[in-house]
Amino acid sequence: MKIASWNVNSLNVRLPHLEQWLRAFGPDVVGLQETKLEDHRFPDAALAGLGYRSVFSGQKTYNGVAILAREEPRDVLVGVPGFEHEHRRAISATVGDLRIVNLYVVNGQDIGTEKYELKLQWLAAVRDWLEEEARRHPSLVVLGDFNVAPDERDVHDPAVWNDQHILTSAPERAALRDLLATGLHDGYRLLHGDGGVFSWWDYRQAAFRRDLGLRIDLTLVSEALRPQVAAAGIDREPRTWERPSDHAPAWIELAR
DNA sequence: ATGGTTGCCCCGCAA
């Protein structure tokens, strides 16, 4: 069973890419981020034609999240309980016996800005909520664009992406560690100790061609699922296509 | 990374 996370940076622009990738990769569950679509414009009929049911929470221009699954998603929850906010950044659903939480973490812009403070507050609220969610749902998958590179292996140049830089600052990494400490494991890291495997490359500076990336798109699993993680990776292929998203899909395979 | 690019909607803002 393949589970993936992909920041599509506008589903309006990227629907053909998503369709092509769903056909090629054949995931069972996908969390999308930055759909940038209001709900009445979500292409659920097109995706149903490919065999995927969709649940979504979007807004115009910014943010927006969705879960696609071959099985009907149940018990859909929009947002982060205890942290009301206009940003559409979280959607959760049960697929089969798995609880799926899909997150588009606040980017944070720069250290010291209001957006940075929002990022840390948002991550703390998510951590508190996930602690309960893990109790309710032992088989828990938390995936998304975390906008934090977990450690030095996850950045192309640790001298640039240091503890004074957005996406790699010490408070951001601490917030991610706190979230993992609720009992979650980075699916990719369970199987791979290597560095230099990235999921996001800036559109500028020909960053993808030069492989100047970061691994900020993660698929986390609860302790109960840990023994089932059979494979994990990042599919760079859609990043090579014409007019791509700046992110590539991050995936895990569960043996079940 | 002082740049630079993309997507959006209204031409600056977010990433």
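Values in this document were obtained by computation on a predicted structure and should not be read as measured data. Chain identifiers are assigned alphabetically (A, B, ...) following the order of the sequence lines, protein sequences preceding nucleic acid strands; residue numbering begins at 1 within each chain.
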Can you give one letter per nucleotide of nucleotides 8-15 of chain B, 5' to 3': B if a protein heavy atom sits under 4.0 Å from the base, S if only from the sugar-phosphate, - if neither? SS----SB

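The separation between A/Q205 atom CD and B/dT5 atom C1' is 9 Å, rounded to whole Å. A straight line from CD of A/E242 to P of B/dT6 spans 11 Å, rounded to a whole angstrom. A/H17 has its NE2 atom 13 Å from the C1' atom of B/dG7, to the nearest Å.
Cluster partners of A/F198, by chain and number: A/W201, A/F208. The rule joins Ile, Leu, Val, Met, Phe, Trp and Tyr whenever side-chain heavy atoms lie under 4.5 Å apart.
Atom CG in A/L225 sits 7.5 Å away from atom CD1 in A/I252 (nearest 0.5 Å).
B/dT5 sits 22 Å from B/dC9 when the P atoms are compared, rounded to a whole Å. Spacing between B/dC8 and B/dT2 at atom C1', rounded to whole Å, works out to 26 Å.
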For residues 183-193 of chain A, which side-chain donor-acceptor pairs fall under 3.5 Å, sequence neighbours excluded?
unit_1, atom_1, unit_2, atom_2, d
A/H185, NE2, A/E223, OE1, 2.6
A/D186, OD1, A/Y188, N, 3.2
A/D186, OD1, A/R215, NH1, 3.3
A/D186, OD2, A/R215, NH1, 3.3
A/D186, OD2, A/R215, NH2, 2.7
A/Y188, OH, A/D194, OD1, 3.0
A/Y188, OH, A/D194, OD2, 3.3
A/R189, NH1, A/H192, O, 2.8
A/R189, NH1, A/D194, O, 2.9
A/R189, NH2, A/D154, OD1, 2.9
A/R189, NH2, A/D194, O, 3.0
A/H192, NE2, A/A232, O, 3.0

Donor-acceptor pairs under 3.5 Å, side chain of residues 39-48 of chain A to any protein atom, not counting sequence neighbours: which ones?
unit_1, atom_1, unit_2, atom_2, d
A/D39, OD1, A/G58, N, 2.8

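Residues in residues 247-256 of chain A take part in these salt bridge (Lys or Arg N to Asp or Glu O under 4.0 Å) pairs, two or more places apart or across chains: A/D97-A/R256.
Shown here are the salt bridge (Lys or Arg N to Asp or Glu O under 4.0 Å) partners of A/D75, two or more places apart in sequence or in another chain: there are none.
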